[in-house]
Amino acid sequence: FLNDTATTEIYTRSIVGSVRCVQETAITTLDLWKRYIMAEGITRIAEALMENKTLTTLKLGLNKIGNEGAKSLASALANNTTILHVNIEFNEMTEEGAKFLATAMHDTKTLQILNLNGNEIKSEGLGHIANALKENASLQMLDIRRTKAGGEGAKFIADALRQNKTLTSLNFWGAEIGAEGAKNITDGAQQNKIVTSLNLGNNGIGSSGAKFIADAFQENQHLPCLYLDSNLIGTEGA
């Protein structure tokens, strides 16, 4: 375990070094996984991203940027024209943070991959993301594993799928959507015909939900990758 002094030193070096890299070099990937970065730190990095023209991948997983950090990051993404991939999994964001990111999704023309895995985002936050998906024309992969989406959040995303024309991969693993949520997502994906990879694993779907999904996709040639692991399906659902 690190003491407070060691943590502060890592944090300071990460921020100073990251800002310098973004401002002074032509890097394409900035990986800051588990660097103890909080809202203040990401604000400094976001300011540098406003002017950057080379970065395509930003990895901020397992930090503590929270909702305020998400706000700063969203402003940078809305103005940046090169970033394609953003990973902000496990960053203590809730519905408020999701709302800020949804605003960026409305504005960005380049973001293709967004990873929100492990954030405390409930159905209301997924509603903001879903509204942005209806108009977004660049995002191809959305990872909302281990969020608190629930059945209502799944319904919001399902409604968005009926309008979105670019998303090809959607990961709902462990998002507490249940059988009804899985049915809604299935129906949305059926009408969408663009999504080619759908992960509904570990969602308490059960045998009845699995049977509904299997029947729905039996003749669907547009979804080659469907994942239903850890759902207590049993022999009836299989």
Side-chain angles (χ1 to χ4, degrees), residues 11-122 124-144 147 156-157 160 164 166-167:
Y11 171 79
T12 303
R13 287 181 177 178
S14 295
I15 299 304
V16 173
S18 299
V19 171
R20 183 177 295 123
C21 279
V22 171
Q23 291 177 331
E24 300 176 4
T25 70
I27 61 167
T28 57
T29 299
L30 183 59
D31 190 344
L32 296 172
W33 174 269
K34 198 178 180 181
R35 294 301 180 94
Y36 307 95
I37 297 172
M38 293 174 281
E40 180 185 355
I42 196 62
T43 296
R44 293 176 61 184
I45 294 171
E47 290 171 353
L49 288 174
M50 293 280 196
E51 304 297 327
N52 181 274
K53 303 298 181 186
T54 61
L55 197 73
T56 60
T57 301
L58 179 61
K59 298 180 180 181
L60 293 167
L62 212 61
N63 286 292
K64 295 184 177 184
I65 72 171
N67 295 328
E68 282 304 306
K71 181 179 182 180
S72 298
L73 180 60
S75 294
L77 292 176
N79 290 280
N80 184 282
T81 58
T82 59
I83 294 179
L84 307 175
H85 178 185
V86 175
N87 183 331
I88 38 179
E89 58 186 333
F90 297 104
N91 260 287
E92 303 181 1
M93 284 183 293
T94 64
E95 293 73 48
E96 185 181 2
K99 185 176 182 179
F100 292 133
L101 292 172
T103 300
M105 288 171 62
H106 277 291
D107 296 332
T108 181
K109 301 294 189 295
T110 55
L111 185 64
Q112 296 178 4
I113 302 172
L114 179 60
N115 187 341
L116 299 174
N117 173 31
N119 283 290
E120 298 293 316
I121 303 173
K122 298 180 181 178
E124 180 185 345
L126 267 295
H128 295 307
I129 298 294
N131 286 334
L133 272 179
K134 291 176 181 178
E135 299 180 8
N136 180 280
S138 65
L139 199 69
Q140 298 175 17
M141 298 177 65
L142 177 62
D143 189 338
I144 42 182
T147 58
F156 288 143
I157 297 295
N164 182 277
T166 59
L167 198 71

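Computed over heavy atoms, backbone and side chain alike; hydrogens, waters and symmetry mates excluded. When a residue number appears, it is its place in the shown sequence, counting from 1.
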For the residue pair [X] and [Y], establish whether any side-chain heavy-atom pair is separated by less than 4.5 Å.
| X | Y | answer |
| --- | --- | --- |
| M105 | I129 | yes |
| N136 | L167 | no |
| N91 | N119 | yes |
| N115 | K59 | no |
| L114 | D143 | no |
| V86 | I113 | no |
| S75 | M50 | yes |
| T57 | L84 | no |

Approximate separation, where rounding is to 0.5 Å, of [X] [atom1] and [Y] [atom2]:
| X | Y | atom1 | atom2 | value |
| --- | --- | --- | --- | --- |
| F156 | K134 | CZ | NZ | 9.0 Å |
| Q140 | Q112 | CD | CD | 4.5 Å |
| M38 | E40 | CE | CD | 7.5 Å |
| L49 | R44 | CG | CZ | 13.0 Å |
| E51 | N79 | CD | CG | 9.0 Å |
| N80 | T110 | CG | OG1 | 6.0 Å |

Pairs under 3.5 angstrom only: tabulate donor-acceptor contacts from the side chains of residues 16-31 to other protein residues two or more places apart or in another chain.
from : atom 1 : to  : atom 2 : distance (Å)
S18  : OG     : S14 : O      : 2.5
T25  : OG1    : C21 : O      : 2.6
D31  : OD1    : W33 : N      : 3.2

Pairs involving residues 97-107, ordered by first then second residue, that meet side chain to side chain donor-acceptor pair (under 3.5 Å) (sequence neighbours left out):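 Pairs touching residues 97-107 that pass the test: H106-E135.
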
What's the shortest heavy-atom distance between [X] and [Y], and which atoms?
| X | Y | answer |
| --- | --- | --- |
| I15 | G41 | CD1-CA, 3.5 Å |
| A104 | A74 | CB-O, 3.4 Å |
| T166 | S138 | OG1-N, 3.9 Å |
| A130 | A160 | O-CB, 3.3 Å |
| M93 | A70 | SD-CB, 3.4 Å |
| E89 | N117 | OE1-ND2, 2.8 Å |

Pair up each side-chain donor or acceptor in residues 61-69 with any protein partner under 3.5 Å, not counting sequence neighbours, and list the distances.
from : atom 1 : to  : atom 2 : distance (Å)
N63  : OD1    : R35 : N      : 2.8
N63  : OD1    : Y36 : N      : 3.0
N63  : OD1    : I37 : N      : 3.0
N63  : ND2    : L32 : O      : 2.9
N63  : ND2    : L60 : O      : 2.8
N63  : ND2    : G61 : O      : 3.3
N67  : OD1    : T94 : N      : 2.9
N67  : OD1    : T94 : OG1    : 3.4
N67  : OD1    : G97 : N      : 3.0
N67  : ND2    : T94 : OG1    : 2.9

What verdict does the side chain to side chain contact (heavy atoms under 4.5 Å, CB included) test give for I144 and L126, after you've listed the backbone C-alpha separation in whole Å, the side-chain angles of each residue and the deciding distance to 0.1 Å? CA-CA 9 Å; I144 42 182; L126 267 295; 3.6 Å; yes

Could you check L58 against L73 for side chain to side chain contact (heavy atoms under 4.5 Å, CB included), going step by step and ending with a plain yes or no? CA-CA 11 Å; L58 179 61; L73 180 60; 3.7 Å; yes

Does N52 use its side chain to pair, donor to acceptor, with the backbone of A48 at less than 3.5 Å?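 No, the answer is negative, given that no donor and acceptor are paired below the 3.5 Å cut-off.
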
